[in-house]
Each structure stands twice: as structure tokens, then as C-alpha cells.
Protein chains: 2
Amino acid sequence: MDKQDPITLDALFAALADPTRRAVVAQLAEGPAPVSELAAPHDMALPSFLKHLDRLEKAGLVRSEKTGRVRVCTFHPEALQAVETWIDRQRRIWTGRLDRLDRLAQSLADQSPSKPPETS
Amino acid sequence: MDKQDPITLDALFAALADPTRRAVVAQLAEGPAPVSELAAPHDMALPSFLKHLDRLEKAGLVRSEKTGRVRVCTFHPEALQAVETWIDRQRRIWTGRLDRLDRLAQSLADQSPSKPPETS
DNA sequence: GTCTTGCTTATCCATGTGGCTAAGTATTTC
DNA sequence: GAAATACTTAGCCACATGGATAAGCAAGAC
């Protein structure tokens with residue numbers, strides 16, 4: 001019953017790909033809030049809005065708990081770690097590659113132009 | 001003709017929300033590659049694959065140029081900056097808020113337990 | 001010149017997504 | 001207990017998305 005979906009990059013990126021949902025995250029970053037308060041700024045019916053909240057929860061970005069008739073939502077920034085890790089890795093690979101190219105070019109330039117480069 | 005879409009968070013997050021497209025980005029991070037080479041690892045028809053490439057280009061993550069009959073694609077990591085900036089901001093807001101709560105709790109604890117907290 | 005290669009364009013189809021309304025349920029409040 | 005509040009559930013609809021096939025086309029290879 002307390003089933004918790006594993007946090008996947010698919011769900012995370014998809015959750016953040018919508019302006020309404022990003023706005024909710026931004027609002028929750030300021031502090032926890034009940035559903036009605038989160039929904040207020042968005043010009044749409046409650047059920048539509050709830051679907052957005054659902055996707056944020058499924059992505060692991062938000063958790064919520066119901067007390068009485070009010071559901072309070074909380075931001076869980078740890079979920080963003082997976083995104084940043086992925087991005088960092090890609091950038092690292094790319095810049096690492098550029099660095100190697102750079103050093104190669106440098107070593108070519110350093111040698112007397114007539115000699116071919118050492119490949120050891 | 002040389003119209004370049006503005007890089008939006010919507011397009012970026014959506015582009016990265018698909019495993020095929022993330023794999024392409026990962027592959028391109030290792031260095032530029034022609035379409036056929038990028039498509040090879042993915043078990044789908046070329047036109048289907050091209051749609052993925054398209055979305056990566058529209059998002060600004062990839063650019064491509066055709067020489068002869070071959071189209072070579074290049075990774076453009078600058079596009080990822082927008083994503084990281086957004087994520088950083090949300091986290092900063094959240095942790096900033098936690099810090100303030102922390103200081104408040106600290107100052108409450110520092111006062112003699114009988115006195116109510118100053119609200120100035 | 002014909003053949004092959006490497007895309008490209010045009011459709012099509014199933015499913016997912018983002019919106020809606022209508023009606024239901026569980027707390028408070030009066 | 002009746003009424004208002006705060007969601008919930010169910011179902012519908014339009015359009016986007018991820019896949020497919022079929023046919024076209026320009027550049028190289030032979």
C-alpha cells in the first residue's frame with residue numbers, strides 16, 4: 001500500500017517538462033503547502049491540476065500527506081540529484097574529450113612542423 | 001531559413017525525458033557522429049529515429065550539418081546550462097529556507113525557555 | 001548510366017497527456 | 001444534522017508522441 005515508485009530519469013525529466021509542474025515545484029521550494037493553495041495560481045479545474053501533482057509525486061519530487069480533509073505537499077529536492085548527476089556526466093565526457101583534443105593539438109604544435117606526431 | 005528556435009525549458013526537459021534521446025546525447029558527448037552511426041544501436045526504423053534527433057535539435061542540444069549525403073550531428077552542452085540553472089535555483093530556495101528555519105529554531109533554543117520568542 | 005547508400009517526406013496508427021465536467025466522499029463548521 | 005470545504009473518482013475529448021511502412025531523392029561508387 002505504501003508502494004513507492006523508483007525514481008527514474010524518464011519520470012523526472014517528463015515531470016519537469018511542463019510549466020505548470022515547474023511552477024508547483026518553485027512554489028513548494030518556498031515551503032510545504034496544501035493542494036488548494038498550490039492550485040490557486042493555475043487557471044484550471046482541480047482534477048486537471050491534481051494530475052500534475054500526481055506526476056510530481058510519481059517522479060519523487062513531491063510527497064504529500066493528508067490530515068483531516070487537507071492534503072499538504074512537500075518538496076523533495078533529493079530527487080533532482082539524479083538529474084544533475086546525469087547532466088554532469090555528459091558534460092564531463094564532452095569536455096574531457098575536448099581537453100584531449102586540445103592536448104593533442106598542442107603537442108602537434110610543439111613539435112617541429114616537419115616531424116609527424118608520436119603516437120606512443 | 002536559418003531559423004533557430006529559442007531554447008526553452010519545456011523543450012529541453014521533454015527532449016531528455018526519453019531514453020533513446022538520452023542515449024543519443026550520451027553517444028554524441030563522445031564526439032560528433034553521422035545519423036546512421038547514431039541510429040545503429042537503436043532498434044527502430046530510421047524515420048522514427050530521425051524524429052528523436054529532430055527533438056534534440058529543436059531543444060538546442062544537438063546541431064547537425066549535411067555534407068554530401070551524410071548528416072553529421074554535434075552535441076551542444078551549453079543548452080544544458082538552462083536546465084542546471086533552473087534546478088540550482090529551486091534547490092537554493094529550498095535550502096535557504098531550511099537554513100532560516102534552523103537559525104530560528106536555534107535562537108528559540110538560546111532564549112530562556114520561559115520567554116516567548118521576539119518577533120521583531 | 002545504373003546501383004547503392006544515406007537520408008527525407010508522407011502517411012498512418014496506438015497510446016499518452018492535458019484539459020474538461022459531473023458526481024462522490026470525508027471533514028469541518030454552524 | 002445540514003451545509004460548506006477540500007479533495008477524489010470516473011469518464012470524456014482533442015491533440016501530441018513514439019512507433020511503423022512506403023516511396024522519393026541526391027550523392028557516390030562502379
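Numbered from 1 within each chain, the chains take letters A, B, ... in sequence-line order. Both backbone and side-chain heavy atoms feed into the values below; hydrogens, waters and symmetry mates do not.
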Requested in this report: Please go through A/Ile93's hydrophobic cluster and name the other residues, only I, L, V, M, F, W, Y counting, with side-chain heavy atoms under 4.5 Å joining them.
Outcome: none
Report task. Determine yes or no for a side-chain-to-main-chain donor-acceptor pair under 3.5 angstrom, with B/Ser48 supplying the side chain and B/Met44 the backbone. Result -> no
Query - D/dA27 base / B/Arg69 side chain donor-acceptor hit below 3.5 Å - result: yes
Query raised in the report: Between A/Ser36 and D/dT5, is there a side-chain N or O to OP1/OP2 distance below 4.0 Å?
Result: no
Report summary line: Walking DNA chain C from its 5' end, the first of A/Asp18 and A/Val70 to be reached, judged by nearest nucleotide, is A/Asp18
Requested in this report: Would you kindly give the CZ-to-C1' distance between B/Arg71 and C/dT5, to the nearest whole Å?
Outcome: 16 Å
Query raised in the report: Tell me, which pairs form a salt bridge (Lys or Arg N to Asp or Glu O under 4.0 Å) where one or both residues lie in residues 12-31 of chain A, sequence neighbours left out?
Result: A/Arg22-B/Asp10
Report task. Mind listing the closest non-hydrogen atom pair of A/Arg97 and B/Ala29 along with its distance? Result -> CD-O, 3.9 Å
Query raised in the report: Does A/Lys66 put a side-chain nitrogen or oxygen below 4.0 Å from OP1 or OP2 of D/dA6?
Result: no
**Report entry** Proximity to DNA chain D (any heavy atom under 4.0 Å), residues of residues 37-63 of chain A only
**Finding:** A/Leu46, A/Pro47, A/Leu50
Query raised in the report: Distance-only, no hydrogens or angles: does the A/Gln90 side chain make a donor-acceptor pair with backbone N or O of B/Leu28 under 3.5 Å?
Result: no
Query - A/Ser64 and A/Arg71: side chain donor to acceptor below 3.5 Å - result: yes
